[in-house]
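Written below as structure tokens is the structure these notes are about.
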2 protein chains.
Amino acid sequence: MERELLLLGLLRQGAMHGYQLNDFIERNLAFCTDLKKSTAYVLLDKLQARGWVTMQEARAGNRPHKRVYSLTAAGEDAFQRLLRENLGEFVAAKTGSDIGLAFIDALPKREALRLLNRRRAALAEQLTEFESAPQHQGSYQLLIDHQLNYLRCELEWLSQVIARMQSRRVPLRRGSARA
Amino acid sequence: MERELLLLGLLRQGAMHGYQLNDFIERNLAFCTDLKKSTAYVLLDKLQARGWVTMQEARAGNRPHKRVYSLTAAGEDAFQRLLRENLGEFVAAKTGSDIGLAFIDALPKREALRLLNRRRAALAEQLTEFESAPQHQGSYQLLIDHQLNYLRCELEWLSQVIARMQSRRVPLRRGSARA
DNA sequence: TCTTGAATAGTCAAAATTGACTAAGCGAGA
DNA sequence: TCTCGCTTAGTCAATTTTGACTATTCAAGA
């Protein structure tokens, strides 16, 4: 799911062929996803089958097949849906679960804020639940302490992001702020 | 790898049958691993094949097969090795990568400290690398900011854990601290 | 001109993982 | 005693993921 979102989000910024996609991910996003080349191709096939991307074989010079993928209108819809899903939930410590943050500019500020608030609520609930869980006997203390620390840090960070976003003037599209 | 460590670590505390293992994980460790029942059985088979655990069908009452797994000496060796590997490295934000923390008491304090220090060094290096990476253009700022926050929180937590562990008297086995 | 290595673009068999399914024993209440 | 639901214990076909492999083009240096 996060992987679909990632591919759609990248293609959204312009058509790309497989190599470019994979190369970009490897260079810039390896820290937050473990999507592999071969997995990416499988996913791209699946996205095509769903009509979310189209592919055409481009023959530049006399190179062999070079597959250029681009987002369809349906793909854009799917992207919008997946992005909202992703931003509105919180999944603890799973590689790739934060991919949505990369594409948050795709949303109107008001909605982004609403989703981040929902995410924060989900996170806060997980934290509360975890804090009030019966202390697992003896062992696992360090693990639990670690998880608590992680959840708390996430919560604080998210709160800061929300605050920052709220206090900043809405950047108006094509136009300067009125005085 | 973390999953093998998890199963070995659990069996180390006593022989268990499959259901108990899965139930325990689901109840107490779901927050830090996504090991599923069916995966666990496959893994248990593999651990058996390697001679790390043995299984015997116990027939309590006239229940059908109930497979009780227990750790072998080779399994204990493997556990010790895997635990050291796990504790001595840092893998960013991957479910289950912290499992070793649950079993840290299996190590002598001195060695636990050495490994945690190595882990901290690895983490610090990742952070430095990340901080000094060329600022990815424009987008992804939030994602990067998030990762930075995460790495910094981890580093601070780990440092605290190490400090705490260092300052505490070594709990002597069977005996009280000398005055 | 020949060679070598990097960039480009995938393919595929094998391995790992999952969700959905089966099935038996057992205790308690109707 | 019947049956209903919980506990116990897995199995397996289908899906997903991976690592290793293949190929072509092009630029630059020998």
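Below, chain A is the first sequence line, B the second, and so on; all start at residue 1. On a predicted model such as this, the values are computed, not experimentally measured, just so you know.
The side chain of B/Lys36 lies closest to C/dG19 when the candidates are D/dG10, C/dG19, C/dA9. Comparing atom distances between the B/Tyr41 side chain and each of D/dG10, D/dT7, D/dC12 picks out D/dG10 as nearest. Residue A/Val42 has its side chain nearest to D/dT17 when only D/dT16, D/dT17, D/dT7 are considered.
The list of salt bridge (charged side-chain N to carboxylate O under 4.0 Å, His left out) pairs with a residue in residues 10-24 of chain B, not counting sequence neighbours, reads B/Arg12-B/Glu76, B/Asp23-B/Arg27.
The ring pair (Phe, Tyr, Trp, His ring centres under 6.0 Å) check on A/His17 picks up nothing, with sequence neighbours excluded.
Side-chain N/O atoms of B/Lys37 include none lying less than 4.0 angstrom from OP1 or OP2 on D/dT8. A close approach under 4.0 Å does not occur between any side-chain nitrogen or oxygen of A/Arg27 and OP1 or OP2 of C/dA7. At the phosphate of D/dT8, neither OP1 nor OP2 sits under 4.0 Å from any side-chain N or O atom of B/His17. Residue A/Thr39 places at least one side-chain N or O closer than 4.0 Å to OP1 or OP2 of D/dT18. Contact check, A/Arg67 against C/dT8: no side-chain N or O comes under 4.0 Å of OP1 or OP2.
Using the six-membered ring where Trp is involved, A/Phe31 and B/Phe130 have ring planes that are perpendicular, over 60° apart on the 30 and 60° scheme. The aromatic rings of B/Phe103 and A/Tyr140 sit perpendicular, their planes meeting at an angle over 60°, well past the 30° parallel limit.
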